[in-house]
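Order of appearance sets the numbers: ligands from 1, and atoms from 1 within every ligand. All residue numbers refer to positions in the sequence shown, counting from 1. All values derive from a computational prediction rather than experimental measurement.
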Amino acid sequence: QEAQTQQKRANVVILATGGTIAGAGASAANSATYQAAKLGVDKLIAGVPELADLANVRGEQVMQIASESIGNEDLLKLAKRVAELADSADVDGIVITHGTDTLEETAYFLNLVEKTEKPIVVVGSMRPGTAMSADGMLNLYNAVAVAGDKQSWGKGVLVTMNDEIQSGRDVSKAVNIKTEAFKSAWGPMGMVVEGKSYWFRLPAKRHTINSEFDIKQITSLPAVDIAYGYGNVTDTAYKALAQNGAKALIHAGTGNGSVSSRVVPALQELRHNGVQIIRSSHVNQGGFVLRNAEQPDDKNDWVVAHDLNPQKARILAMVALTKTQDSKELQRIFWEY
Ligand SMILES: NC(=O)C[C@H](N)C(=O)O
């Protein structure tokens, strides 16, 4: 009978990248003061013996860093390894342990470029494993439960934090000091409770298997940078980023992605010189930027990021620019993904 259950169990690979879920503090009282990326993947797995009740789990250490330091090369390395594993017949699901600071960027990137229906679940924690009420154990348990579940197939890259199943496209870190840190303007897709998934909605945007992008065809990512809008802003940062080689600039705009009159002329000139200008909003609870609202995008030949926050807009712009330099195509992609 033991052999039978063994057979039915899904094979889940945990790819560890670092972050607070692998962090350690000096004492159990240290929930916010600690070093990220200290524990190896074997220790993470050994720390939650109950994972073995959910799936046949094995781990791989892909990198060991705090997620604020993840660069494009790291993204490519991780995504290529995910694609290899997704292609292997003996892998049913993939979990990625990740720092929470850029977790939403990695999750969205994978959602765009992985051509698989197999579950890919990105997970982190807000407290290191050494802290009282550490959240990493349960988050990881939930991630393995979701990754090993047939119900999770074809739903795009998922994030399991705080018992919720979120879409990797929509979810974003909204609070930095609570375990209830990750939110989506459009709500979670489901819940995971005691190792069982409960689904309520599906993603409407193109992802993974229905995406036109494929990590196997991407060898490098173009420079795309973000500049922030605020009162009294100048065009200095925008110009400097472009001069430094940015192929597209994400305007992390105020409100509706509005652009200060002090910045508009520089952005018009940069677009004239070939730099793509993408207007997003930096409002906290979910921006919503529409073409030709606040700024004449048709006239300026700018793109709007719609509901993508600036950091997610950077990810989509990089991926899109591997295929097209056309601003209309870019805008189509921003509506569809
Ligand atoms: N909670 C965390 O994981 C934060 C950490 N700075 C990281 O992103 O790696």
Side-chain angles (χ1 to χ4, degrees), residues 14-45 47-48 59-79 81-82 94-111 120-144 146-147 157-166 168-184 188 226 252 282 284 309-312 314-315:
I14 300 180
L15 296 179
T17 70
T20 297
I21 194 165
S27 91
N30 288 124
S31 60
T33 314
Y34 58 85
Q35 276 191 288
K38 283 278 152 207
L39 252 65
V41 66
D42 293 342
K43 285 241 167 73
L44 281 185
I45 293 172
V48 193
E60 268 179 45
Q61 194 78 44
V62 180
M63 59 193 97
Q64 183 66 301
I65 53 179
S67 74
E68 61 271 26
S69 301
I70 286 184
N72 288 348
E73 291 303 316
D74 302 311
L75 267 187
L76 290 175
K77 180 181 172 190
L78 175 66
R81 185 62 190 136
V82 169
I94 298 158
V95 167
I96 296 152
T97 60
H98 198 289
T100 55
D101 287 349
T102 62
L103 187 150
E104 67 201 73
E105 298 179 36
T106 298
Y108 187 40
F109 181 68
L110 299 173
N111 194 58
I120 300 167
V121 184
V122 193
V123 66
S125 78
M126 298 306 294
R127 295 173 180 155
T130 46
M132 286 185 270
S133 288
D135 52 331
M137 276 176 81
L138 183 54
N139 287 347
L140 182 60
Y141 182 77
N142 288 342
V144 170
V146 171
V157 173
L158 307 168
V159 172
T160 54
M161 294 288 290
N162 203 36
D163 299 348
E164 291 175 340
I165 306 170
Q166 296 272 6
R169 178 203 184 263
D170 296 338
V171 79
S172 182
K173 193 183 209 176
V175 186
N176 68 304
I177 200 72
K178 297 181 181 177
T179 51
E180 189 191 352
F182 280 78
K183 310 260 187 223
S184 152
I226 303 173
H282 68 54
N284 292 323
N309 68 22
Q311 57 272 32
K312 284 183 189 269
R314 182 188 78 96
I315 296 290

Quiz item: For Lys173, is at least one N or O under 3.5 Å away from an N or O on ligand 1?
Solution: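 No; every N/O pair is 3.5 Å or more apart.
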Exercise. For Glu68, look at atom CD and say whether over 12 heavy atoms of other residues, nucleotides or ligands are found less than 6.0 Å away.
Key: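 Check passes, neighbour count above 12.
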Go through ligand 1 atom by atom and flag the ones less than 4.0 Å from a non-hydrogen atom of [X].
| X | result |
| --- | --- |
| Ala66 | 9 (O) |
| Gly99 | 3 (O), 7 (C), 8 (O), 9 (O) |
| Glu68 | 5 (C), 6 (N), 7 (C), 8 (O), 9 (O) |

Quiz prompt | side chain to side chain donor-acceptor pair (under 3.5 Å) partner of Glu104, chosen from Gln311, Lys173, His98 | solution =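 Answer after filtering Gln311, Lys173, His98: Gln311.
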Exercise. Drop me the distance from Thr106's OG1 to Leu75's CG, to the nearest 0.5 angstrom.
Key: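 So the OG1 of Thr106 and the CG of Leu75 are separated by 4.5 Å.
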Among all protein heavy atoms, pick out the one at the shortest distance from [atom]; state its residue, atom name and that distance to 0.1 Å.
| atom | value |
| --- | --- |
| atom 2 (C) of ligand 1 | Thr20 OG1, 2.6 Å |
| atom 1 (N) of ligand 1 | Thr100 OG1, 2.6 Å |
| atom 9 (O) of ligand 1 | Ser67 N, 2.8 Å |

Practice problem: Flag the pair Leu110 / Ile96 as yes when at least one side-chain heavy-atom distance between them is below 4.5 Å, and no otherwise. | Solution: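 Yes, at least one pair of side-chain atoms sits under 4.5 Å.
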Practice problem: Run through Asp135, Asn30, Ile21 and flag the one making a side chain to side chain contact (heavy atoms under 4.5 Å, CB included) with Arg127. | Solution: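 Of Asp135, Asn30, Ile21, side chain to side chain contact (heavy atoms under 4.5 Å, CB included) with Arg127 is met by Asp135 alone.
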Quiz item: Judged by modelled atom types alone, do Asn309 and Ser172 share a side-chain donor-acceptor pair under 3.5 Å?
Solution: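 Yes - a donor-acceptor pair under 3.5 Å links their side chains.
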Quiz item: Any idea which part of Ser125 is under 4.0 Å from ligand 1, heavy-atom wise: side chain, backbone, both or neither?
Solution: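 Ser125 to ligand 1: backbone contact only, side chain stays beyond 4.0 Å.
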